[in-house]
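These notes concern the structure reproduced below.
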Amino acid sequence: MTMAALKTRRFFLTKETGMARYNPKEIEPKWRKRWDDDKAFLTSVDRSRPKYYVLEMFPYPSGRIHLGHVRNYAMGDVIARFKRARGFNVLHPMGWDAFGLPAENAAMQTGAHPRDWTYANIEAMKRELKQIGLAIDWSKEFATCDVRYYRWQQKLFLDFWKAGFVERRESYVNWDPVDMTVLANEQVIDGKGWRSGAAVERKKLSQWFLKITDKAEDLLAALDDGRLAGWPDNVRLMQRNWIGKSKGLQMKFRFAGGMISPDGGREVEIYTTRPDTLFGAAFIAVAPDHPLAQAYAARDKAVAAFIVECQKSGTSQEAIDKAEKKGHRLPIVVVHPFVAGRTLPVYVANFILMGYGAGAIFGCPAHDRRDLDFARKYGLDVIPVVLPPGEDPASFSIGDEPYVGPGSLYNSGFLDGLSVDDAIESAIRKIEGIGAGRASTQFRLRDWGVSRQRYWGCPIPAIHCENCGVVPVPESDLPVELPEVDASVFKTPGNPLDGLPAWRDVPCPDCAAPARRETDTFDTFVDSSWYFARFAAGREDRPVDKADADYWLPVDQYIGGVEHAILHLLYARYFARAMKATEHMSVEEPFANLFTQGMVTHATYKDAKGRWLLPEDVVIDGGKARRADNGEPVVIGPIEKMSKSKKNVVSPEEIVEKYGADAIRWFILSDSPPERDVEWTDAGAAGAWKLVARIWDTVEPFAGALKAHDLSMPPAAAEAGLRRATHQTIAAVTDDIEEFRFNKAIARIYEFLNVLKKADAADAWSRTEALSALVRLIAPFCPHLAEECWAALGGEGLVCNAVWPSAEAALLVRETVTLPVQVNGKRRAEIAVSPSADASTVEALALAEAEVRRHIGGLTVRKVVVVPGRIVNIVAT
RNA sequence: GCGGGCGUGGCGGAACCGGUAGACGCAACGGACUUAAAAUCCGUUGAGGGAAACCUCGUGGGGGUUCGAGUCCCUCCGCCCGCACCA
């Protein structure tokens, strides 16, 4: 026998008896096989029972599962198993978010085809996931890169296109000239491509857009009108900020003296949320991309040079923070709409964004930080028009700080004396009256660009024809399948689909002239925007079956990381609206309840040379860490999110090997509230293993108990104390699971176990009731152990099909309550009273208590506060 | 800069609606069993004082409301997250 084998065996043996203690390595696979054989978790529509759809965000098949996955799926599994036991028809599926760049990068590095790499990863991860013992209906599994999935995505896109949800338009993109691809903003680091390091260019490309801004108003409204009551406040807030609605005025400033700009214009349109400050206007500023700026740049080298300079300064956060407000004056002035004879200069300015509002503003330096900076730099007027409450109009002036608070208008003609809010309204009415503009609502949200110049994604079903323009691929020609390519094509930069004439060149479906396929593929966020509906109602002949989708949706409980709080969750909400409009389903809000779980963290380790070390290569002894191999000292670093770069990762597979799946599940849910980060420690996992063994040791001596005792009626001699503990635990654990307080549910189970162990003298009936409840209460957390215990006790069928225990109300009320008695707010004694005792009885008992008398000796009782069932407080002076 | 959250023993964390602060777990310490260790079981464990009974202090700091504050209000400090030149 090898040392390792010996060690492992010893782990599960006790010396005295030589008997095997609970051995998860044998027991866990046995029950997983049993669940499979029994098809225990297969789900179908069943209208006789209430449905419950629990879904965890599906994983990207990177190759290995990590503890973050385990935490996510363990939570969902607890809910799924709990809801099953509560009589719901539960849908709990799993699949793979399988398109995306990492597969192409792997192809570049290893020469493996993205498809082969992806499916191999799926196989490996599926095997690991299955070891966790999840109650999943694997028959519904798919990967988004399956043609059977993405062909229906193409169909949805065509439907959306027909229904007006799709638009093709030019837009600026981050273009990496070396990799010849578009980069997402997140992939641009300090103005350089994250992979190539090349300076990123801004390039105008025709791109496909989903017009999410059309739904901005409704997406926003649903956040606050109760439709998303089951979502965490912080996620709703993040979405609200992201959508970023602001109300204001869109208005035009006429050029003075009949001037005409090089592009033939006579006015410039701006957007403002502060029309009340119009009388304080000192300048107009337009974005470098603004048509007016571009028109001047075309004939004026200085303007052109300034614009180039603006574009050079990076788009990174740091660059924006540090960027100085800069402007370049255009040879044009505009007239003030209200003040005869006043004109305002027009600048191109680096801090104006073309993408927001009108791409142009009027600046009121007195009441805006940026405008003030700009005005001070270029020596423009600073005219205060909002007077802070209590300030004297004669002496109030603006120094280094603008005034942005409330107040009353002055220096403002017809607005004088109005509050800021009233003045905004009044100014808008006036501008509308003279035909110079209108009230306007703006959103920060931009339309969703879904084009990616990549191979490993769902092809966009469109064809470009010189005669007919862009035409949809006819539905009868779907799917547009990804063509076979040799893996070597990924070594050359650019989109491989561009270089495949045999695939790319097709006749136009309308006029039959030679045409080209769209070679862009969809952003992978498209794939993940409707997978939940496909799980519930997928069909071979349509994206989703409407009746089934309407039965299962919305997802009753969605669980995932908060990093998806904005993009994924917003896109999916939009997709549901589009799918409703195209009659694929009726639900608009796909996720009724959302839970965002915290991360799994671990201490980090560095050796003397500053190299990161894996936890498995470190030995901790008395708070000090050493290298396992050579004993050199190791520096214990901060506790951080597990990441490959810092090597503070622990492989779930190894932990399962060491402690079993139940112990991992138990520990990862026990230590922290689910929404917070949890620190993975080996000691904690070992502790969870101890608990698993302890439960088995508690249950095992009473094998067959469920056969020996009929639990349907308690005998007269049943022990009230243990029964009360049993039923109080049932009530508390039920509540805690319902409220996602897994850590508290687990603490309750520990307490109950402590009570159970001390109840040696308990009558066999009460003990059997307690054990039966215990096993069912732990089943969502430790499903394998629960099955083994259930079988040992002689329970009927599988515990995963057993009904959840219910608490008897009569056993939840206490016969007596212990009330603390305070004297002047300090606890001095306790009294035991009946819960129904009236205040005067309680007061008398409290005052009779010896300790109480001692503390009020010599004092006069001024007041006695009795809070029934809670506390007594005696005020004495 | 704007918005949100959090701060409780050596550690993770409990504490319903303002009512016994520290449940439960981890770690540590003591004991039993053992030739010994591991495992297991029993016990102790917020700080200070006291022989003990007990007493005092204690939820980031300061102040307030209240019979009573971890919880509510004001203020300061620290940490975390989101957004960010959004007009």
Side-chain angles (χ1 to χ4, degrees), chain A residues 7 10-16 21 232-242 244-246 248-249 270-274 277 285 287 317 319-321 323-325 349-353 355-364 368-371 373-374 404 442-445 562-563 565-566 622-623 639 666-667 670-673 675-679 681 683-688 690-691 693-694 697 735 741 743-754 757 818-830 851 854 862-867 869-876:
Chain A
K7 248 173 142 176
R10 243 181 58 178
F11 206 79
F12 300 117
L13 296 181
T14 51
K15 196 179 175 189
E16 312 88 81
R21 291 192 72 207
D233 291 344
N234 63 332
V235 174
R236 293 208 315 257
L237 182 72
M238 280 159 72
Q239 292 216 349
R240 199 177 306 135
N241 291 340
W242 186 261
K245 179 177 177 171
S246 63
L249 170 70
I270 61 93
Y271 178 72
T272 181
T273 55
R274 292 294 303 273
T277 63
Q317 211 43 66
I320 289 167
D321 284 346
E324 200 185 342
K325 310 278 172 280
N350 64 342
F351 62 94
I352 308 300
L353 306 173
Y356 189 79
I361 61 149
F362 82 78
C364 176
D368 183 276
R369 172 84 262 165
R370 289 160 323 174
D371 295 350
D373 292 347
F374 192 82
V404 296
Q442 293 288 324
F443 292 94
R444 208 188 73 96
L445 183 69
V562 74
E563 67 273 18
I566 296 171
I639 295 155
W666 182 266
F667 174 57
S670 71
D671 228 32
S672 288
E675 67 279 8
R676 275 198 232 171
D677 291 352
V678 63
E679 186 195 350
T681 61
K690 260 179 5 193
L691 172 98
R694 227 167 100 204
D697 290 347
D735 236 43
R741 297 184 298 233
N743 56 325
K744 286 173 65 183
I746 283 171
R748 298 284 194 179
I749 293 172
Y750 270 112
E751 277 181 280
F752 182 47
L753 196 62
N754 290 339
K757 277 198 319 196
T818 307
L819 295 188
V821 181
Q822 296 182 334
V823 177
N824 290 331
K826 287 193 167 62
R827 192 180 69 91
R828 297 301 182 186
E830 282 180 352
E851 272 299 304
R854 190 163 75 80
R862 302 283 174 198
K863 190 174 175 184
V864 179
V865 181
V866 177
V867 184
R870 279 277 167 215
I871 203 164
V872 181
N873 191 13
I874 296 161
V875 185

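These figures come from a predicted structure and were not determined experimentally. Quick note on labels: first sequence line is chain A, next is B, and so on, each numbered from 1.
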So which protein nitrogen or oxygen atoms get under 3.5 Å of nucleotides 55-58 of chain B's nitrogens or oxygens?
from, atom 1, to, atom 2, distance (Å)
B:rC55, OP1, A:Arg828, NH1, 3.0
B:rC55, OP1, A:His855, NE2, 3.0
B:rU56, OP1, A:Arg828, NH2, 3.4
B:rU56, OP2, A:Arg828, NH1, 3.4

Write down the distance separating the [atom1] atoms in [N] and [M], rounded off to the nearest Å.
N      : M      : atom1 : value
B:rG1  : B:rA69 : P     : 35 Å
B:rC79 : B:rA21 : C1'   : 23 Å
B:rG61 : B:rU8  : P     : 10 Å
B:rA38 : B:rG50 : P     : 36 Å
B:rG46 : B:rG10 : C1'   : 11 Å
B:rG9  : B:rG62 : P     : 15 Å
B:rC55 : B:rU66 : C1'   : 26 Å
B:rG60 : B:rG78 : C1'   : 7 Å

Give the rounded distance in Å between these two atoms: [atom1] of [X] and [atom2] of [N].
X        : N      : atom1 : atom2 : result
A:Arg240 : B:rG4  : CZ    : P     : 10 Å
A:Leu753 : B:rC41 : CG    : C1'   : 14 Å
A:Ile566 : B:rA84 : CD1   : C1'   : 12 Å
A:Leu445 : B:rC83 : CG    : P     : 14 Å
A:Leu691 : B:rC41 : CG    : P     : 11 Å
A:Ile871 : B:rA21 : CD1   : C1'   : 12 Å
A:Ile749 : B:rA14 : CD1   : P     : 16 Å
A:Asn241 : B:rG3  : CG    : C1'   : 6 Å

Syn/anti state for B:rC81 [syn: chi within 90° of 0]: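 Anti, angle beyond 90° from zero.
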B:rG9, syn or anti by chi within 90 degrees of zero: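 Syn, which is what one calls it when the glycosidic angle falls within 90° of 0.
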Check: [X] side chain, [Y] main-chain N or O, donor-acceptor pair, under 3.5 Å:
X        : Y        : answer
A:Tyr271 : A:Gly248 : yes
A:Arg444 : A:Trp242 : yes
A:Asn873 : A:Gly825 : yes
A:Ser672 : A:Asp677 : yes
A:Gln822 : A:Arg828 : no
A:Asn824 : A:Ala876 : yes
A:Asp371 : A:Cys364 : yes

Between CD1 on residue A:Ile361 and CZ on residue A:Arg274, distance to nearest 0.5 Å: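 Here the rounded value is 13.0 Å.
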Euclidean distance, A:Phe374 CZ relative to A:Ile352 CD1, rounded to 0.5 Å: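 Answer rounded to 0.5 Å: 8.0 Å.
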Phosphate contact (B:rG1 OP1 or OP2) by A:Arg370 side-chain N/O below 4.0 Å: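 For B:rG1, neither OP1 nor OP2 has a side-chain N or O of A:Arg370 closer than 4.0 Å.
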Below 4.0 Å: OP1/OP2 of B:rA87 and any side-chain N or O of A:Tyr271: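 So the side-chain polar atoms of A:Tyr271 never come under 4.0 Å of the phosphate oxygens OP1 or OP2 of B:rA87.
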A:Asp697 and A:Arg694 ion-paired at < 4.0 Å: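 Judged by the 4.0 Å cut-off on N to carboxylate O distance, A:Asp697 and A:Arg694 do not form a salt bridge.
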Heavy atoms under 4.0 Å, any strand shown: does [X] hit a base, just sugar-phosphate, or nothing?
X        : answer
A:Ile270 : nothing
A:Arg369 : nothing
A:Glu830 : base
A:Leu237 : sugar-phosphate

Test log, rule side chain to side chain contact (heavy atoms under 4.5 Å, CB included), inputs A:Ser246 and A:Thr273: CA-CA 7 Å; A:Ser246 63; A:Thr273 55; 4.0 Å; yes
A:Glu830 to A:Thr818 - nearest heavy-atom pair and separation: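 In this case the closest contact between A:Glu830 and A:Thr818 is OE1-CG2, 3.5 Å.
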Distance-minimising heavy-atom pair for A:Phe667 and A:Glu679: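 Here A:Phe667 and A:Glu679 meet closest at CZ-O, 3.8 Å.
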A:Ile746 and A:Trp666, any side-chain heavy atoms less than 4.5 Å apart: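 They are in side-chain contact.
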What nitrogen or oxygen pairs link the protein and nucleotides 22-26 of chain B at under 3.5 Å?
from, atom 1, to, atom 2, distance (Å)
B:rA23, O2', A:Glu751, OE2, 3.0

Comparing A:Asp371 and A:Val562 on RNA chain B - which has the more 5′ nearest nucleotide: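 It is A:Val562, whose closest nucleotide lies nearer the 5' terminus.
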Residues which pass salt bridge (charged side-chain N to carboxylate O under 4.0 Å, His left out) with A:Arg854, listed by chain and number, not counting sequence neighbours: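 For A:Arg854 the salt bridge (charged side-chain N to carboxylate O under 4.0 Å, His left out) partners, ignoring immediate neighbours, are A:Glu851.
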Partner residues of A:Arg748 under the side-chain hydrogen bond (donor to acceptor under 3.5 Å, both in side chains) criterion, sequence neighbours left out: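 By the side-chain hydrogen bond (donor to acceptor under 3.5 Å, both in side chains) rule, A:Arg748 matches no residue at all.
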Strand RNA chain B as a dot-bracket string - pairs counted if Watson-Crick or G-U with both distances under 3.5 Å, | where the partner lies in another strand: (((((((..(((......[....))).(((((.......))))).((((....))))..(((((..]....))))))))))))....
Atom pairs under 3.5 Å: protein N/O with N/O of nucleotides 63-69 of chain B:
from, atom 1, to, atom 2, distance (Å)
B:rC67, O2', A:Asn873, ND2, 3.1
B:rC67, O2, A:Asn873, ND2, 2.6

